[in-house]
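Please read all numbers here as calculations on a predicted model, not as lab measurements.
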Amino acid sequence: MTIREMKLSDVPQAVQIEQSSFSLPWSEKSFSDAVADANAVFLVADEHVVNSGGDEADIVVGYIGMYLSPPEGEISNVAVAEAFRGGGIGGALMAAMQEQAVKLGIEQIFLEVRCSNTPAIRLYEKAGFEEIGVRRNFYDLPREDAKLMRWNRI
(Lines give C-alpha, C1' and ligand atoms only; values in the text may rest on other atoms or scores of the structure.)
Protein backbone atom coordinates (compact mmCIF):
# COMPACT_ATOMS: atom_id res chain seq x y z
CA MET A 1 0.00 0.00 0.00
CA THR A 2 1.13 3.52 -0.82
CA ILE A 3 -0.25 6.75 0.61
CA ARG A 4 0.05 9.85 -1.56
CA GLU A 5 -1.72 13.09 -2.41
CA MET A 6 -5.03 12.69 -4.21
CA LYS A 7 -4.96 13.62 -7.91
CA LEU A 8 -7.92 14.61 -10.08
CA SER A 9 -7.61 11.22 -11.78
CA ASP A 10 -8.31 9.56 -8.38
CA VAL A 11 -11.61 11.38 -7.89
CA PRO A 12 -13.90 8.82 -9.64
CA GLN A 13 -12.55 6.00 -7.44
CA ALA A 14 -12.87 8.15 -4.30
CA VAL A 15 -16.48 8.95 -5.25
CA GLN A 16 -17.25 5.22 -5.55
CA ILE A 17 -15.89 4.61 -2.04
CA GLU A 18 -17.75 7.68 -0.76
CA GLN A 19 -21.07 6.53 -2.24
CA SER A 20 -20.79 3.09 -0.67
CA SER A 21 -19.75 4.53 2.71
CA PHE A 22 -22.05 7.49 3.42
CA SER A 23 -25.78 8.20 3.23
CA LEU A 24 -25.17 11.73 1.89
CA PRO A 25 -22.02 11.31 -0.22
CA TRP A 26 -19.92 14.06 -1.72
CA SER A 27 -20.23 14.61 -5.46
CA GLU A 28 -17.43 14.28 -7.98
CA LYS A 29 -17.38 18.10 -8.20
CA SER A 30 -16.97 18.40 -4.42
CA PHE A 31 -13.92 16.12 -4.53
CA SER A 32 -12.47 17.89 -7.58
CA ASP A 33 -12.91 21.26 -5.90
CA ALA A 34 -11.25 19.96 -2.72
CA VAL A 35 -8.27 18.54 -4.60
CA ALA A 36 -7.76 21.93 -6.28
CA ASP A 37 -8.17 23.90 -3.02
CA ALA A 38 -4.87 25.27 -1.71
CA ASN A 39 -6.34 25.16 1.81
CA ALA A 40 -7.04 21.44 1.73
CA VAL A 41 -5.00 18.26 1.85
CA PHE A 42 -6.50 15.06 0.45
CA LEU A 43 -4.61 11.78 0.54
CA VAL A 44 -5.36 8.38 -0.96
CA ALA A 45 -4.23 4.86 -0.15
CA ASP A 46 -3.27 2.93 -3.28
CA GLU A 47 -3.20 -0.85 -3.36
CA HIS A 48 -1.63 -2.95 -6.12
CA VAL A 49 -4.13 -5.64 -7.11
CA VAL A 50 -4.26 -8.50 -9.58
CA ASN A 51 -7.68 -9.56 -10.83
CA SER A 52 -8.76 -13.11 -11.65
CA GLY A 53 -7.70 -12.58 -15.29
CA GLY A 54 -4.17 -11.70 -14.23
CA ASP A 55 -4.51 -7.99 -14.98
CA GLU A 56 -2.65 -5.72 -12.56
CA ALA A 57 -3.58 -2.23 -11.47
CA ASP A 58 -3.11 0.29 -8.68
CA ILE A 59 -6.48 1.18 -7.22
CA VAL A 60 -7.61 3.69 -4.62
CA VAL A 61 -8.79 1.78 -1.56
CA GLY A 62 -9.19 4.68 0.86
CA TYR A 63 -8.90 8.41 1.28
CA ILE A 64 -8.79 11.17 3.88
CA GLY A 65 -9.33 14.90 3.56
CA MET A 66 -8.52 17.86 5.77
CA TYR A 67 -9.25 21.56 5.38
CA LEU A 68 -6.62 23.91 6.76
CA SER A 69 -7.13 27.03 8.82
CA PRO A 70 -3.75 27.23 10.60
CA PRO A 71 -3.10 26.52 13.34
CA GLU A 72 -6.16 24.26 13.04
CA GLY A 73 -7.31 21.62 10.61
CA GLU A 74 -10.63 19.86 10.15
CA ILE A 75 -10.93 16.31 8.85
CA SER A 76 -13.79 16.36 6.38
CA ASN A 77 -13.98 12.71 5.47
CA VAL A 78 -12.22 9.39 5.86
CA ALA A 79 -13.29 6.22 4.11
CA VAL A 80 -11.89 2.83 3.16
CA ALA A 81 -13.41 0.56 0.52
CA GLU A 82 -15.46 -2.12 2.23
CA ALA A 83 -13.37 -5.01 0.88
CA PHE A 84 -10.24 -3.47 2.41
CA ARG A 85 -11.55 -2.51 5.86
CA GLY A 86 -9.91 -3.95 8.95
CA GLY A 87 -6.44 -4.08 7.42
CA GLY A 88 -4.96 -0.94 8.92
CA ILE A 89 -5.57 1.37 5.97
CA GLY A 90 -7.65 3.83 7.99
CA GLY A 91 -4.94 4.05 10.65
CA ALA A 92 -2.25 4.55 8.02
CA LEU A 93 -4.27 7.35 6.41
CA MET A 94 -4.78 9.04 9.80
CA ALA A 95 -1.06 8.80 10.61
CA ALA A 96 -0.10 10.20 7.21
CA MET A 97 -2.51 13.11 7.65
CA GLN A 98 -1.15 13.83 11.11
CA GLU A 99 2.37 13.91 9.62
CA GLN A 100 1.15 16.37 6.98
CA ALA A 101 -0.46 18.47 9.70
CA VAL A 102 2.81 18.73 11.62
CA LYS A 103 4.67 19.76 8.43
CA LEU A 104 2.04 22.44 7.77
CA GLY A 105 2.12 23.87 11.28
CA ILE A 106 -1.27 22.51 12.29
CA GLU A 107 -1.50 22.23 16.08
CA GLN A 108 -5.02 20.84 16.43
CA ILE A 109 -7.23 18.73 14.20
CA PHE A 110 -10.99 18.51 14.69
CA LEU A 111 -13.53 16.07 13.28
CA GLU A 112 -17.11 14.93 13.71
CA VAL A 113 -18.20 11.30 13.70
CA ARG A 114 -21.59 9.64 14.07
CA CYS A 115 -22.09 8.51 17.66
CA SER A 116 -23.01 5.04 16.36
CA ASN A 117 -19.84 4.64 14.26
CA THR A 118 -17.89 2.64 16.81
CA PRO A 119 -15.15 1.43 14.41
CA ALA A 120 -14.36 5.01 13.35
CA ILE A 121 -14.41 6.26 16.94
CA ARG A 122 -11.93 3.52 17.91
CA LEU A 123 -9.73 4.48 14.94
CA TYR A 124 -9.71 8.14 15.97
CA GLU A 125 -9.05 7.36 19.64
CA LYS A 126 -6.16 5.12 18.63
CA ALA A 127 -4.78 8.05 16.59
CA GLY A 128 -4.86 10.24 19.72
CA PHE A 129 -8.19 12.04 19.26
CA GLU A 130 -10.36 12.74 22.29
CA GLU A 131 -14.05 13.54 22.52
CA ILE A 132 -14.63 17.18 23.41
CA GLY A 133 -18.37 17.51 22.83
CA VAL A 134 -21.51 16.40 21.05
CA ARG A 135 -23.27 18.13 18.17
CA ARG A 136 -26.97 17.36 18.46
CA ASN A 137 -28.80 16.23 15.31
CA PHE A 138 -25.69 16.91 13.22
CA TYR A 139 -26.27 14.16 10.66
CA ASP A 140 -29.20 13.42 8.35
CA LEU A 141 -30.31 10.10 6.84
CA PRO A 142 -30.59 8.98 9.56
CA ARG A 143 -30.77 11.92 11.96
CA GLU A 144 -28.04 11.40 14.54
CA ASP A 145 -25.76 13.22 16.96
CA ALA A 146 -22.06 13.62 16.22
CA LYS A 147 -19.16 13.32 18.59
CA LEU A 148 -16.80 16.25 18.20
CA MET A 149 -13.22 15.05 18.55
CA ARG A 150 -9.86 16.82 18.74
CA TRP A 151 -6.23 15.87 18.29
CA ASN A 152 -3.50 18.08 19.77
CA ARG A 153 -0.01 18.01 18.30
CA ILE A 154 1.60 18.85 21.62
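Partners of Arg153 under the salt bridge (Lys or Arg N to Asp or Glu O under 4.0 Å) rule, at least two apart in sequence or in another chain, do not exist in this structure. Residues meeting the salt bridge (Lys or Arg N to Asp or Glu O under 4.0 Å) test with Glu130, sequence neighbours left out: Arg150. Residues forming a salt bridge (Lys or Arg N to Asp or Glu O under 4.0 Å) with Asp145 (at least two apart in sequence, or on another chain): Arg136. Residues meeting the ring pair (Phe, Tyr, Trp, His ring centres under 6.0 Å) test with Phe31, sequence neighbours left out: Trp26, Tyr63. By the salt bridge (Lys or Arg N to Asp or Glu O under 4.0 Å) test, Asp55 pairs with no residue at all, sequence neighbours left out.
A salt bridge (charged side-chain N to carboxylate O under 4.0 Å, His left out) check over residues 116-129, counting only residues at least two apart or in different chains, returns nothing. Applying the salt bridge (charged side-chain N to carboxylate O under 4.0 Å, His left out) test to pairs two or more places apart or on separate chains, those with a residue in residues 8-19 are Arg4-Asp10.
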Expected list for residues 68-87: side-chain donor-acceptor pairs under 3.5 angstrom, two or more places apart:
| unit_1 | atom_1 | unit_2 | atom_2 | d |
| --- | --- | --- | --- | --- |
| Ser76 | OG | Gly65 | O | 3.4 |
| Arg85 | NE | Val80 | O | 2.8 |
| Arg85 | NH2 | Ser21 | OG | 3.0 |
| Arg85 | NH2 | Val80 | O | 3.1 |

Distance-only check: which donor-acceptor pairs under 3.5 Å involve side-chain atoms of residues 34-43, not counting sequence neighbours?
| unit_1 | atom_1 | unit_2 | atom_2 | d |
| --- | --- | --- | --- | --- |
| Asp37 | OD1 | Asn39 | N | 2.7 |

Show me the donor-acceptor pairs within less than 3.5 Å that the side chains of residues 93-112 make with the rest of the protein, sequence neighbours left out.
| unit_1 | atom_1 | unit_2 | atom_2 | d |
| --- | --- | --- | --- | --- |
| Gln98 | NE2 | Ala127 | O | 2.8 |
| Gln108 | NE2 | Asn152 | OD1 | 2.8 |
| Glu112 | OE2 | Arg135 | NE | 3.4 |

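Looking at Glu144, its side chain does come within 3.5 Å of a backbone N or O of Ser116 through a donor-acceptor pair. Counting only distance, with no hydrogens or angles, the side chain of Asn51 and the backbone of Gly54 share a donor-acceptor pair below 3.5 Å.
Val44 has its side chain out of reach of Ile3: every pair of non-hydrogen atoms, C-beta onward, lies at least 4.5 Å apart.
Residue Leu141 is found in a hydrophobic cluster whose other members, listed by chain and number, are Leu24; membership requires side-chain heavy atoms under 4.5 Å apart, directly or through intermediates. Taking Ile, Leu, Val, Met, Phe, Trp and Tyr as hydrophobic and joining them when side-chain heavy atoms fall under 4.5 Å apart, one finds Tyr139 in a cluster with Phe138.
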